[in-house]
Q: 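The structure is given below, and queries will be raised subsequently.
Just so you know, ligand 1 is whichever comes first in the structure, and atom 1 is the first atom listed for that ligand.
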Amino acid sequence: MGLRVVSSESTAYANPPDAQLSLADLEAVRVLGKGAGGSVQLVRHKWTNDIYALKGIQMNINETVRKQIVQELKINQLTLHQCPYIVKCYHSFYHNGIISIVLEYMDRGSLADIIKQTKQIPEPYLAVISNQVLKGLNYLHQVRHIIHRDIKPSNLLINQKGEVKISDFGVSAVLISSMAQRDTFVGTYTYMSPERLGGQSYAYDSDIWSLGLTILECALGYFPYRPPGQEEGWNNFFMLMELVINQPPVAAPPDKFSPEFCSFIAACIQKRPGDRLSTADLLKHPFLQKYSEEEYHLSNLR
Ligand code: ATP
Ligand code: MG
């Protein structure tokens, strides 16, 4: 059996995953989380005892579309294994209307889970997190030429070792468009850039908008766009969309955060795509230089 969960350093050039892995060999341990499309379970391989996160996506789609999605997932699960800042995808299956994806288990969950527990993530840790996420995004954009399309707190995962990795990359354009058509999609927060919401063409810089919004949400402890006059969440997706497209963009409050942090957020959350910095330029931003990774190691984030 070639299936092992090993550290990211040693898997930089990992072997392809074991082609023999079968769903029947995985036993459920517990539910890790739920998304719009299905649930994620912690599973154990019956013979090797290796643990994984198993994501199931309910899809009522036709045979042709389904085959396309699984094909795209298979291509990408092999090639994306080279980056330590991206959650490894070991396998994908299709059975009875459900696409199952075997993922690397990230034992501290997502940034969405962290902000649910701690409310806010302090600025120095956000610098360390942003640095790792940007390295992953830079790999997707510059090396793989992939737009992620779904950067948000629940898709940035963290483990006890202090590693942050990007999950659920929009490698499958078909999957994304089939997901977007489900009615559950409407009514959730949107991290989509104004150009995407407006139905225009979009590119890598669309991910930069989503990253800025995600990091600002982690800093504030709430989604930065708020319905006028009320504190609770959005119940009208179209009002939120209107606000993102037509109003000035949200920004970090300068009385609560350092000038470097505010400048970093402003470099991401720009309405004109061309005004946003690229991953390479953001990696050189003073905000990322301000705090040392040793001092603010993510294993200390509580
Ligand atoms: P969407 O359905 O739009 O993608 P989502 O990102 O919230 O929304 P999921 O991707 O299913 O939905 O993830 C839900 C939760 O499951 C995450 O917030 C996280 O707690 C947990 N989770 C997902 N993947 C993993 C993983 N690889 N390791 C550990 N926990 C995970
Ligand atoms: Mg997700």
Q: Are there more than 12 heavy atoms of other residues, nucleotides or ligands under 6.0 Å from atom NZ of K46?
A: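 Result for NZ/K46: enclosed.
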
Q: Relative to atom 29 (C) of ligand 1, which among K152, K116, M106 owns the nearest non-hydrogen atom?
A: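 The residue whose heavy atom sits nearest atom 29 (C) of ligand 1 is M106.
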
Q: Picking from L137, L288, V164, L283, what satisfies side chain to side chain contact (heavy atoms under 4.5 Å, CB included) with S130?
A: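 That would be L288.
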
Q: Distances under 2.8 Å only: what protein N/O/S atoms are near the Mg ion (ligand 2), ordered by chain and residue?
A: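 As for protein N, O or S atoms lying under 2.8 Å from the Mg ion (ligand 2), they are N155 OD1, D168 OD2.
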
Q: Which class fits the ring pair W209 and Y225: parallel under 30°, tilted 30 to 60°, perpendicular over 60°?
A: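 The rings of W209 and Y225 lie parallel, inter-plane angle below 30°.
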
Q: Is there a side-chain contact between K88 and K165 in this structure, where contact means two heavy atoms from C-beta onward sitting under 4.5 Å apart?
A: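 Touching, per the 4.5 Å side-chain cut-off.
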
Q: Under a single-linkage definition using a 4.5 Å side-chain heavy-atom cutoff for Ile, Leu, Val, Met, Phe, Trp and Tyr, are Y85 and L111 assigned to the same hydrophobic cluster?
A: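 Not linked; separate clusters.
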
Q: Can you hop from I101 to I98 via hydrophobic side chains spaced under 4.5 Å?
A: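 No: no chain of side-chain contacts under 4.5 Å links I101 to I98.
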
Q: Against heavy atoms of K55, which atoms of ligand 1 measure under 4.0 Å?
A: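 Numbered from 1, ligand 1 contributes 4 (O), 9 (P), 10 (O), 11 (O).
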
Q: If you measure every N or O of D113 against every N or O of ligand 1, does any of those distances drop under 3.5 Å?
A: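 Yes; the residue has a nitrogen or oxygen that sits under 3.5 Å from a nitrogen or oxygen of the ligand.
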
Q: Under the rule for ring pair (Phe, Tyr, Trp, His ring centres under 6.0 Å), what residues qualify as partners of F257, not counting sequence neighbours?
A: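 Only F261 meet the ring pair (Phe, Tyr, Trp, His ring centres under 6.0 Å) criterion with F257.
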
Q: Taking only heavy atoms of A53, which atoms of ligand 1 are found under 4.0 Å from at least one of them?
A: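 Result: 26 (C), 27 (N), 28 (N).
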
Q: Under 4.0 Å between a side-chain nitrogen and a carboxylate oxygen: does that hold for E104 and K161?
A: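 Salt bridge absent between E104 and K161.
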
Q: Show the atoms of ligand 1 that are less than 4.0 angstrom away from any heavy atom in K34.
A: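 With K34 as reference, the close atoms of ligand 1 come out as 14 (C).
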
Q: At a non-hydrogen distance cut-off of under 4.0 Å, which region of L157 contacts ligand 1 (side chain, backbone, both, or neither)?
A: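 Looking at L157 and ligand 1, just side chain atoms fall under 4.0 Å.
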
Q: State the atoms of ligand 1, each with its element, that fall below the 4.0 Å cut-off from a heavy-atom position in N155.
A: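 Counting from 1, the qualifying ligand atoms are 6 (O), 10 (O).
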
Q: Near G33, which atoms of ligand 1 are under 4.0 Å from a heavy atom of that residue?
A: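 The list of qualifying atoms is 15 (C), 16 (O).
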
Q: Under the criterion side-chain hydrogen bond (donor to acceptor under 3.5 Å, both in side chains), I'd like the reasoning laid out for Y191 against E217: C-alpha separation, chi angles, the key distance, then a yes or no.
A: CA-CA 10 Å; Y191 298 83; E217 172 168 347; 2.5 Å; yes

Q: Is there a side-chain hydrogen bond (donor to acceptor under 3.5 Å, both in side chains) between D113 and S110? Walk through the geometry before answering.
A: CA-CA 5 Å; D113 300 325; S110 68; 3.2 Å; yes

Q: For D150, is at least one N or O under 3.5 Å away from an N or O on ligand 1?
A: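 No; every N/O pair is 3.5 Å or more apart.
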
Q: Could you check whether any side-chain heavy atom of F287 comes within less than 4.5 Å of a side-chain heavy atom of E123, counting everything from C-beta outward?
A: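 With C-beta onward as the side chain, the pair touches.
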
Q: Please list, in number order, the atoms of ligand 1 under 4.0 Å from a heavy atom of Y105.
A: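 Listed by number with element, the hits are 28 (N), 29 (C).
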
